[in-house]
Amino acid sequence: MVFDTTAAIKKALIECTGLDEIPLADGGEHADLATTVAFSLAKVKKQAPVKIAQEIVEALKKNKELADLGVTIGAKGPYVNFVFGKAYVSAAVKAATQPGYGNFPPKETRIVLEHTSANPNGPLHVGHIRNSIIGDTLARAFRKAGYRLEVQYYVNDMGRQIAIVTWGFDHLEHEPLPGEKEDAHIARVYIAANREIDKDKERITKEVDELMELVEGGDPETVKKFRREVSRCLDGFAVTLKNLNVRHDRFVWESDFVRNGDTKRVIGKIEKLPQVTHEGTLLALDLAEFGFANKYVIRRSDGTSVYAARDLAFHTWKSTNFDRAIDVLGADHKLIGAQLQCTLKLLGVKPPEIVHFEFVSLPEGSMSTRAGKFVSADDLIEEVTKRAFEEVTTRRPELDEATRKSIAASVARAGIRYDIVKISPEKSTVFDWKEALDFERQSGPYIQYAHARACSILDKAGNFEQCYELETEQEIILAKKIAKFPEVIEKVVCELRPHLLATYAHELADTFNSFYHYEPVLKSEGKVRDRRLTLVKAVQNTLHEALETLGIDAIRTM
RNA sequence: GGGCGAGUGGCUUAGUCCGGAUAGAGCGUUAGCCUCCUAAGCUAAUGGUCGGGGGUUCAAAUCCCCCCUCGCCCGCCA
């Protein structure tokens with residue numbers, strides 16, 4: 001409906017002006033849609049923009065299609081404004097009351113989305129979960145937009161970090177503390193191992209190198225040890241991710257691409273590229289012609305593969321099995337991401353699309369697992385949940401403890417996810433406990449609250465006849481906001497920017513809260529009551545869909 | 001040094017790709033609103049040289065150039 005009306009207006013404008021492209025924008029408070037086309041015509045026609053705008057309005061008023069759609073056309077100075085008609089509003093509200101509002105028809109395109117993929121050498125921290133939350137929100141939006149999607153976690157199970165962890169378990173005291181989570185335990189051993197390395201760098205580095213060679217060579221005992229520690233760490237991650245409503249469909253192990261020969265095959269292809277450089281066994285690419293100053297190393301002089309080689313194999317595999325590949329990566333991966341894309345292109349393989357996000361740091365500086373300088377996601381979840389529980393207990397003392405705990409868990413997830421997803425990915429942030437624990441108005445719980453409020457009204461209302469003929473200004477404003485939801489989903493997947501959905505959800509909750517205070521619903525009567533209840537149902541359902549897409553529980557009471 | 005990203009009221013930020021109508025929010029501060037559908041709410045007030053300087057344009061937070069500040073990257077680590 002939105003698309004129909006917009007398309008009709010565009011078509012009419014093209015016919016009327018003779019231009020191919022019409023600048024169309026949201027009219028804000030003036031209109032639902034507006035064009036500044038009169039400015040661009042002013043030069044050509046050598047007439048004042050105001051006069052041209054009036055002429056366009058006159059011409060469009062004769063357009064039958066726009067008249068049938070009930071579009072009101074007017075000029076304000078040089079701007080030509082369009083206000084959508086009642087038919088548009090009714091259709092939008094009707095659609096919004098249906099389950100699955102905002103879903104697009106299924107598409108054939110198969111997409112693989114990779115996110116989080118943190119090294120399994122310690123718990124996920126507040127920087128990692130920015131990746132998880134951006135990735136998971138995108139995944140949900142893509143599913144809603146009708147794509148066939150597989151979400152993957154790429155497990156770095158043969159990197160130096162893991163070798164250091166394994167060395168630590170071989171040589172250091174490593175009993176878990178009582179109640180200690182697997183990933184936290186591994187971080188402790190990793191940090192301790194690094195401290196040992198600092199004491200006797202030469203000897204231990206040699207031992208770690210040996211472990212890496214053994215694993216690359218497929219030594220069963222070493223492979224088993226690596227896998228065991230990595231799996232334990234991933235078990236820890238699983239708990240964290242589940243607490244954040246983040247889901248992966250598949251965990252892909254890096255070492256598989258060495259063992260199945262894919263890495264060797266991709267290296268074979270690279271050797272045939274004109275950009276290749278050899279220095280003994282060392283194999284690298286010279287990508288200077290594409291603006292990369294440093295050589296891109298593929299194989300070390302000891303014959304082992306580097307991360308880049310395995311990553312090339314992985315992405316070649318993705319490209320043969322999926323139509324599109326999307327990676328969510330931190331800003332520190334910008335250079336290697338670009339090198340990867342460039343090399344894949346040279347190999348004739350479709351490169352992945354990469355969504356980068358900037359860093360989350362601590363007030364005292366960058367986070368480092370190695371140095372033990374990080375705020376773990378588990379600690380964050382625990383503290384925010386505690387805070388949420390206090391809040392629920394204050395507000396709803398009559399509820400039993402289990403219910404309050406459940407609400408607190410959902411509110412905490414909402415607080416954390418929303419706080420992270422609302423910020424555009426290109427903004428670097430500093431983690432702040434005070435802000436994390438503060439449920440300000442521009443928050444996930446605020447949106448959950450608006451939804452719960454709508455649910456409460458509907459619960460009290462009982463049966464009513466759906467009615468889509470809206471009248472008052474507040475009703476129409478709210479309905480038009482509801483109508484925007486499908487466009488937002490489309491924009492999120494098109495621009496790979498999930499924070500647009502966060503902004504929208506907040507605006508919708510805001511608009512509903514204003515409506516709620518101006519227009520009585522349950523106290524109104526007859527048709528007025530019916531149409532307002534219909535509108536509340538539409539808002540409730542739209543908020544529900546928006547929250548679910550944000551990975552936030554749309555709880556019915558709080 | 002080079003590359004990438006950011007700089008918007010006291011603080012956090014949307015808008016920048018695709019230039020247009022008084023730059024939107026939230027926090028804070030101040031003043032109101034619960035015999036009335038959930039006050040995690042609502043209504044106001046307060047507060048902005050959109051980092052600085054040039055340029056393009058009828059029109060610049062938005063485009064171009066220069067500069068400043070901050071973050072990230074520039075490994076035979078991952």
Side-chain angles (χ1 to χ4, degrees), chain A residues 21 23-25 27-31 34-36 38-39 42-43 48-49 76-79 81 117-119 121 156 158-162 254 279 281-284 291-295 297-308 310-311 330-336 338 356-359 361 366 388 391-392 394-396 411 415 419 422-430 432 435 438-450 452-461 495 499-500 502-503 506-507 509-510 513-514 516-524 532-533 536 557-558:
Chain A
E21 271 302 311
L24 272 176
E29 62 192 281
H30 306 281
T35 181
T36 54
F39 285 111
K43 224 177 233 171
K76 180 147 189 212
Y79 300 91
N81 292 332
S117 301
N119 283 332
N121 59 346
N156 303 150
M158 52 185 308
R160 175 158 227 101
Q161 284 91 331
I162 309 313
E254 185 179 358
E279 285 171 41
T281 355
L282 176 75
L283 182 73
F292 299 103
N294 299 329
K295 61 183 179 182
V297 174
I298 306 293
R299 187 179 59 208
R300 300 190 186 91
S301 41
D302 65 6
T304 58
S305 61
V306 290
Y307 172 83
R310 276 109 61 180
D311 210 16
D332 54 339
H333 285 66
K334 275 186 185 175
L335 178 60
I336 56 156
H356 287 290
F357 64 94
E358 292 288 328
F359 263 49
S361 56
S366 303
E391 199 69 29
V392 180
T394 311
R395 291 167 194 279
R396 305 290 301 275
V411 166
D419 266 351
K422 76 177 176 188
I423 307 290
S424 1
E426 62 270 18
K427 222 115 181 169
S428 48
T429 62
V430 177
D432 181 354
E435 261 172 57
D438 187 20
F439 299 126
E440 1 79 286
R441 312 292 191 261
Q442 209 163 52
S443 72
Y446 170 86
I447 303 164
Q448 284 180 309
Y449 189 75
R453 172 181 268 171
C455 287
S456 165
I457 294 173
L458 293 170
D459 285 345
K460 289 195 172 125
E495 300 183 9
H499 83 281
L500 298 174
T503 305
H506 179 259
E507 285 170 5
D510 247 359
N513 280 333
S514 292
Y516 171 87
H517 285 275
Y518 283 116
E519 313 273 32
V521 178
L522 294 176
K523 293 222 157 47
S524 52
R532 287 190 182 157
L533 279 167
V536 171
T557 185
M558 61 190 282

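The sequence lines fix the lettering, A, B, ..., with proteins before strands; numbering per chain opens at 1.
Considering only side-chain N and O atoms, A:H517 lies nowhere under 4.0 angstrom from the phosphate OP1 or OP2 of B:G32. Residue A:Y446 places none of its side-chain N or O atoms closer than 4.0 Å to OP1 or OP2 of B:A39.
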All N/O contacts under 3.5 Å from nucleotides 27-29 of chain B to the protein, with atom names and distances to one decimal?
residue	atom	partner	partner atom	Å
B:C27	OP1	A:R441	NE	3.3

What nitrogen or oxygen pairs link the protein and nucleotides 43-45 of chain B at under 3.5 Å?
residue	atom	partner	partner atom	Å
B:U43	OP1	A:S514	OG	3.4

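Contacts of A:E254 classified as salt bridge (Lys or Arg N to Asp or Glu O under 4.0 Å), with partners at least two apart in sequence or in another chain: A:R310. Considering only residues two or more places apart in sequence or on other chains, A:Y449 meets the side chain to side chain contact (heavy atoms under 4.5 Å, CB included) condition with A:R453, A:M558.
Rounded to whole angstrom, the span from the NE2 atom of A:H499 across to the C1' atom of B:G15 amounts to 9 Å. Rounded to whole Å, the distance from CG on A:L458 to C1' on B:U38 is 13 Å.
Counting only Watson-Crick and G-U wobble pairs whose two key distances fall under 3.5 Å, RNA chain B forms stems of three or more stacked pairs at B:1-7 with B:68-74, B:10-13 with B:24-27, B:28-33 with B:41-46, B:51-55 with B:63-67.
Counting only heavy atoms from C-beta outward, the side chains of A:Y516 and A:V536 never approach each other to under 4.5 Å. Side-chain contact between A:F39 and A:P78 is present, with heavy atoms from C-beta onward closer than 4.5 Å.
In this structure, A:H356 does not pack face-to-face on the six-membered ring of B:G5, missing the 5.5 Å centre cutoff or the 30° plane limit.
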Which parts of nucleotides 68-76 of chain B does protein reach within less than 4.0 Å, heavy atoms only, written one letter per nucleotide 5' to 3' as B for base, S for sugar-phosphate only and - for none? ---BSSSSB

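Comment: A:E440 engages A:K422 in a salt bridge, judged by a side-chain N to carboxylate O separation of less than 4.0 angstrom.
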